[in-house]
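These notes concern the structure reproduced below.
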Amino acid sequence: MFKEIPSKVSFPEMEEEIIQLWKEQDTFRKSLEIRENDKEFVFYDGPPFATGLPHYGHLLAGTIKDIIPRYQAMRGHYVSRRFGWDCHGLPIEALAQEALGLAGAPAIKEAGVDVFNEQCRSMVTKYVEEWEKTVTRMGRWVDFENDYKTMDTPFMETIWWVFSELWKQDRVYKAHRIMPYSWKLNTPLSNFEAGRNYQDVQDPAITVRVKLLDFEFEDAAALIWTTTPWTLPSNLAICAGPDIDYVAIKDKETHQVFVLAQARLSAYYKKEEEYEILKSYKGSELKGLKYEPIFDFFADNENSFQILNDDFVSTEDGTGIVHMAPAYGEDDYRICREIGIPLVDPLDDDCVFTAKVPDYEGQFCKDADKAIIKALKHGGKLIHQSTIQHSYPFCERTDTPLIYRAIDAWYVRVEDLRERMLKNNESVHWTPDYVGEKRFANWLADAKDWNISRNRFWGSCIPVWVNVEDKSDMICIDSIEKLEELSGQKVTDLHKHYVDEILIEQDGKTYKRTPEVLDCWFESGSMPYAQNHYPFENKEHFEANFPADFIAEGLDQTRGWFYTLMVLSTALHDKPAFKNVVVNGMVLAEDGLKMSKRLKNYPDPTLVINKYGADALRLYMIYSPVVRAESLRLSEDGVKNSLRHLILPWWNAYSFFITYANIDGWTPEQSVPERDNLMDRWIQSSLARLEQQVTDAMDRYDLQASVRPFVAFIEDLTNWYIRRSRRRFWKTEDDNDKVQAYSTLYDVLLGLCKIAAPFTPFISETIYQNLKTDVMPDSVHLNDFPTAADAKRDEVLEGQMAVVMSAVEQGRTLRAEYKLKNRQPLAKMHVVCDDEKLLGNIQVLESLISDELNVRAVEFGTDSSELATIQAKPNFKQLGPKLGPLMKKAVPLINSLTDEQIAAISAGETVPVELEGKSVELTSADIEIVRNPKEGMAVSAEGALVVGLDTQLNDDLIAEGLAREFVNKVQNLRKEMDLEITQRISIGFSSDEEIETAVSNHQNYIEGETLAVACEKAAVDVENCTELDLNGHSCSVSITAAD
RNA sequence: GGGCGUGUAGCUCAGUUGGUUAGAGCGCAUCCCUGAUAAGGAUGAGGUCACAGGUUCGACUCCUGUCACGCCCA
């Protein structure tokens, strides 16, 4: 006996039970153990920041990261799945700052880096429990016990090793980075922090003339515009856009010659009469022109004081020529660095001018604006002066304006790796392909050196110790052992507050660690090595299992994890770090906007799971374009739909099986291998097809395509196989056919569980648990994925069935059209097809058609002329290339071919047609024959198949129709009375003569269908009788249970 | 501003190497069936395939441009 299925099933509750079962039986661990000696399928988990609760993006990625490993495990691989936690970086620092009430870097330093870092450490695990709960609830199998944390000492030690490898390759260098800087706090801020306090301010906006040297016009000057006059003493270049149009003009009032962008003329002159255009230039033509330094503090600076070109220049404001002070602007820095202009920074830590600029020494930079403007005016260099109101970032803590300036930074040289990275990327299989071939490849082709240092606290430290006397003298540490050896101290923790205390004394020199920590992307990119503590441990295992077979993350990781993995694996091993990658798109709210806690525009994930179940949510997400990097508008209705559309029908099929198997006492031991019934062979073939389709798609990592065939299969199973086979399970005699039916449905349901197991692990398990025998593995997930599909497929039979289904569909359409309800039997149906072979195929399945459409006989034939007319249509695909431009003329000719001509062509003859004086021979391949039902007949035509219904009714048919009507009403009454399916009854009825005759003529049928021991004309018992309407005849019926 | 992607029915999405009647589900309407019952089935209405050009005998599909949206970068 199978376990009875409760009449009301709650999928979420069922899932909770399965989670409990897996926990008790330790199924995940078992699934690993049974594969221990098999080939590894290597999966890397990209570590999430656990600074909040998981959202749909995580659930989606988690589902993908579950399905593929589950599938690969069932395909016979050992798939270890270690969860990863990203512990370092700003998100967690922000939480710690909040908890400690510290508003910025100086406050942290003041409170003590040790206090702060320990706070971070204690908070990392804050959400771990919730994460584990949700991830587990989604059905994801992942190892939380052997997880890796980026803050673990072994992990951090490997980070040092990775860094040292780059160092050895001379790939690490120090340069600058332009960052927002708080002069009040003496510290750089992250761009993230700077973005949180914008204020509207007024700044001076001045236009300055820069005297051009050796220009074709005398006394000519380029005009530049700036809102930061204090950066002008540090001006080292000016920049024009290469494609922007510039003009040299003569100011009619001052007779001076100015160069500026043509598009900006109107900003400086109200009328065209005020100037004369001398000549036009492209920005590229101005490139290289020298000019006289605005101030002479740095007049000797290398390569300086020339016009440069860059695309960043716009003509939206200013003059179209941009002043460059490389120490104070990101573009300035980048462009000047490319050309080899060393930066100058005459400000001290407080942003006060130093002696390098003696005129303004001691003045705070912004306060010097006035004096600088005055000096410019004095020197005749100021052309225009105004003020501008704009929004500008301020320091959160001190409410003082931030200064963008060059900060010391560490870089990894990446630009020379571009070609190797591109080559390595070619061997990666991306899903979808364009992300790798276009998006990622483009990004690699233009890769910039990677800034890996952060002026923060909670992170892996840059393992470089610098000679306090000579900053160019540095020692790179590659292991704990080495640091202990050089410092003579025991090293227990690699965080900043520990290692900063460690000094190295060597040859009488003292070395102190550089204060920066590493970008946490450096850690995620090092994860393949660091999670294994490579090369300190697991050396062989790592090397045998690198790169990973599979990773999966969101599209936003193109420049994140995917990139850093590629940079480091290319630098260290000249290989990609992963062979296959699935890129998912973003999950949006139903309104197409980002999900927002504030707007509450999305349903809480937990609520959705508890309402519809994780399987439904998994299916919904996977069966959508979001697994192909497109965005998904998540809708609760969609989740509901996947439940109703796939899970419920599947469950109903299973429930049907259990109900009848238990009634008949059928058990798997009674299973037989024979399949005499074509329906049985057909559904097994369908299952085999499903198996093939899913395997194909999964091997391509195409998840959406893996789910799609389930829809068709569930349809086949429920709406054709079971519906058409129900009677085989109901019939009372326990014959061979019935046993085969049970055997088939059992096999199919069991097979379906296995194929669906990676996608819907819960319902698959639930059904499996009830179906499995003692000799089968304890869990569906411990099975091998079915792969014997080829043997079970019968494509001929599948084709036959498709035609039968088409015939039935046409019959249904005709019944609907002629308002003949299915309970009314019809005498005859015509199925006509001039393809005898095809017809023969259908004929085999005659009973399916007659049964389904409730017709007494099906007449098969090859001559459709009585039912339909035929017409020829051109076969465009065939004729198009043959006729070319004559095609249009040929269409009406072919449409009007006579029946005789069509018959001749289809008989294999060729028929000549006149086209523009040319004769064209039409062959059977050139035309398609279309059949049109004759008017006034119940006929339908589709392709080669013509179906006709005999709509004539006689007394006999009407009587049978009434009997069926009678059965239907009685069955409804049984249900209303809540009778057991197997309960026997007695029927008493009273009605007119026609009904009486109908009932008595079909008494056996009625009693058989309704499980009645008697069905007799009886006096009406007013108490227990129900008044029925049988096709217009009234009838009183009373039903009583018969022992 | 740049790279990539997306735009097909009211909604969510399919649509094979270009072939003339562009499909499915949901929703809606009408009907059917009900011993699978949180069911199931059929039929119908609903589309200038974002827009504009081009290539072609023929374009949802290929090319160019425009617009809208998304992701990343600047």
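Per chain, numbering begins at 1; letters A, B, ... match sequence-line order.
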When you measure from the side-chain N and O atoms of [X] to the phosphate of [N], is any distance below 4.0 Å, counting only OP1 and OP2?
| X | N | result |
| --- | --- | --- |
| A:Arg823 | B:C32 | no |
| A:Lys438 | B:G5 | yes |
| A:Asn641 | B:G25 | no |
| A:Arg633 | B:U12 | yes |
| A:Gln704 | B:A14 | yes |
| A:Arg628 | B:A14 | yes |

| message | When you measure only distances, ignoring hydrogens and angles, does the side chain of A:Glu630 come within 3.5 Å of the base of B:G5 through a donor and an acceptor? | response | no
| request: Decide yes or no, distance alone: a donor-acceptor N/O pair under 3.5 angstrom between the base of B:U17 and the side-chain of A:Lys877. | output: yes
| What nucleotide, of B:G19, B:G3, B:A36, holds the atom closest to the side chain of A:Asn442? | B:G3
| query | Counting side-chain heavy atoms from C-beta on, which of B:G35, B:A38, B:U43 comes nearest to A:Leu648? | reply | B:A38
Rounded to whole Å, please give me the gap between [atom1] in [X] and [atom2] in [N].
| X | N | atom1 | atom2 | value |
| --- | --- | --- | --- | --- |
| A:Asp446 | B:C72 | CG | C1' | 13 Å |
| A:Leu588 | B:U12 | CG | P | 11 Å |
| A:Asn854 | B:C32 | CG | C1' | 13 Å |
| A:Arg724 | B:G41 | CZ | P | 15 Å |
| A:Phe710 | B:A24 | CZ | P | 23 Å |
| A:Arg708 | B:U16 | CZ | P | 11 Å |
| A:Tyr654 | B:A39 | OH | C1' | 18 Å |
| A:Arg644 | B:C26 | CZ | P | 8 Å |

| request: Please state the C1' separation for the pair B:C67 and B:G25 - nearest whole angstrom. | output: 30 Å
| query | Taking the same atom, P, in B:C62 and in B:G15, what whole-Å distance lies between them? | reply | 12 Å
What contact category does [X] fall into here, base, sugar-phosphate, or nothing, at under 4.0 angstrom with non-hydrogen atoms?
| X | value |
| --- | --- |
| A:Phe657 | nothing |
| A:Pro432 | nothing |
| A:Gly880 | base |

| Ionic contact status for A:Arg812 with A:Glu852, cut-off 4.0 Å | yes
